[in-house]
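A, B, ... follow the sequence lines: proteins, then strands. Residue 1 opens every chain. What's counted below: heavy atoms across the whole structure, side chains too, no hydrogens, waters or symmetry copies.
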Protein chains: 2
Amino acid sequence: MKVEEKGTRGDGNQLLARMPAALADLMLTHLESVDLPQGMIIEQPDEAVEHVYFPTRGVISIVAMTPEGGARIEAGLVGREGMSGSMVVLGTDRSPHQTTVQIGGAGYRMETARLQEALQQDALRERLLHYCHALSIQTAHTALANAKLKLDARLARWLLMCHDRIEGDEVTLTHDFLSTMLGVRRAGVTVSLHILEGQGLVRATRGLIRILDREGLEEMVGGCYGVPEAEYARLLTG
Amino acid sequence: MKVEEKGTRGDGNQLLARMPAALADLMLTHLESVDLPQGMIIEQPDEAVEHVYFPTRGVISIVAMTPEGGARIEAGLVGREGMSGSMVVLGTDRSPHQTTVQIGGAGYRMETARLQEALQQDALRERLLHYCHALSIQTAHTALANAKLKLDARLARWLLMCHDRIEGDEVTLTHDFLSTMLGVRRAGVTVSLHILEGQGLVRATRGLIRILDREGLEEMVGGCYGVPEAEYARLLTG
DNA sequence: GGACGTTTGTGCGAGTCCGCACGGAACATT
DNA sequence: AATGTTCCGTGCGGACTCGCACAAACGTCC
């Protein structure tokens, strides 16, 4: 079960890959291959997490919410570049957020206790803390986007972030799902998608969005895309 | 220069207080007392931070921005319950955010390198990582508030968070400052403040806002206030 | 006490998004 | 083929915030 053995692009989780061999071995003994079906709830607010997940395919969504769940918004997006359960790296086993599988896929998981042990290793801890840093930058820029961007641009930003985390150019999601992530009306997503389609940036059909023009999308988002990605690259790539 | 020696409520930084004596001693040898004048820039985007700050009075603001600075929004608020330079705790010496002193005060500072050394101590690292966790929850809920709340409520939330971090009930800030933090027009802040005043929740005069009714403010914000505060209390208080 | 800069109050038209609501289209099941 | 379910398209009035612009109030410095 070597994480990086399959040859095609993007196989394996990028946090687990690029790790010193000794560490990789340590991790591998505790990693378990799992399926990540769409809709699976990975973490519930204020409940101890039993496993942390390292996706290799699919996208996981971290959702901030009020205690009663009256308001919900996506605060973080995780794909094969990251992991769920960042709070474990930060020394606690629960958080007030909910974490779900947004786009089905697969990955590895590890018992929380095993990760806590492995975090004794300085090199591993450093790498995962760097990821927590990148994730917090992502959240901050989501706050920025929520405050300053129009719905079209926020949608474009979300599609870009999602595109970074999948293989190919097709996102299989309904407008309804997207509206929850962005915290807007479903109908608003429909209209905004039409705008993006009108610009030739995407092509949407029932339950599926195909990204046609990444650069066009980036242009539409302006400076609100790219900062978290650059920070991730600085600390965790290469 | 003992951190907690002054007798009045709230003196001292709460991250530094409540620390095992051995750790406190370790820290104290490296802490330096400093003034935090309003407007002081503590961290610049993508520049190495030289010191981390532990306020005892005043409020520090972490601002997420686009690379050109075209869009800015407050992503985090830090008072005597916290520290600047969380990215150092997460293993890097820079971030794309800007950090400034929003309300003047005072505190302690420490050279980044000294903190990096001190973080070898498990107990200190754990405590500061817990703080990073609480801070990231705060940022996530700012994203939530930016997406879902009306301006009045966002303003009320900001005032509550600020009130938690100061002594007394008076916030000395202009509408213009507030508008930058909330990412809205200055005139919008003026109008929203009138609404809060109309409800008897605050009293505003030139450059000063007095909080009259905390509970009323909390009610106005709904569930979007309190979650990060509870998480902080769970991990770092008592 | 007059001049200046800062801060606050107010107004107006325009744009965005909301809540609600309904019709139609695509797919699944039987 | 018929039925039910999910998903998407569209419309309308209203609420909120924007951008712009100007006037009034306050404080400071000569």
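Taking atom NE2 of His194(A) as the reference point, atom P of dC7(D) lies 16 Å away to the nearest angstrom. Per the geometry, CG belonging to Leu193(A) stands 13 Å off C1' belonging to dC7(D), to the nearest Å.
In the set dG9(D), dC18(C), dG5(C), dG5(C) carries the atom at the smallest distance from any side-chain atom of Arg206(B).
A distance of 9.5 Å separates CD in Glu47(A) from CD1 in Ile41(A), rounded to the nearest 0.5 Å. Rounded to the nearest 0.5 angstrom, Thr174(A) OG1 and Ile209(A) CD1 are separated by 9.0 Å. Atom CD1 of Ile60(B) and atom CZ of Arg165(B) lie 11.0 Å apart (nearest 0.5 Å).
One axis for each end of the helix from dG1(C)-dC30(D) to dT30(C)-dA1(D), each built from five base pairs, and the angle between them comes to 30° at 10° resolution.
As judged by a 4.0 angstrom heavy-atom cut-off over every strand, Ala187(B) is placed among the base-contacting residues.
Side-chain polar atoms of Tyr225(B) and Asp164(B) form a donor-acceptor pair below 3.5 angstrom. Gln44(A) and Gln98(A) share a donor-acceptor pair across their side chains, judged by distance under 3.5 Å alone.
Taking the side chain as every heavy atom from C-beta outward, Glu231(B) and Gln138(B) never approach each other to under 4.5 Å. Residues His51(B) and Val34(B) have side chains not in contact (no heavy-atom distance under 4.5 Å, counting atoms from C-beta outward).
Residues Ser192(B) and Leu155(B) come closest through the heavy atom pair CB-CD2, 3.8 Å.
Listed by residue number, the members of residues 144-161 of chain B with any heavy atom below 4.0 angstrom from DNA chain D are Lys150(B), Leu151(B). Near DNA chain D, meaning a heavy atom under 4.0 Å from it, residues 170-182 of chain A has Thr174(A), His175(A) in order of number.
Between the side chain of Thr56(B) and the backbone N or O of Ala106(B) there is at least one donor-acceptor pair closer than 3.5 Å.
For Arg109(A) and Glu32(A), the salt-bridge test passes: some basic side-chain N is under 4.0 Å from an acidic carboxylate O.
Relative orientation of the His141(B) and His97(A) rings is parallel, given thresholds of 30° and 60° on the angle between their planes.
In this model, no side-chain donor or acceptor of Arg186(B) finds a partner on the base of dT7(C) within 3.5 Å. Between the base of dC17(C) and the side chain of Arg185(A) there is no donor-acceptor pair shorter than 3.5 Å.
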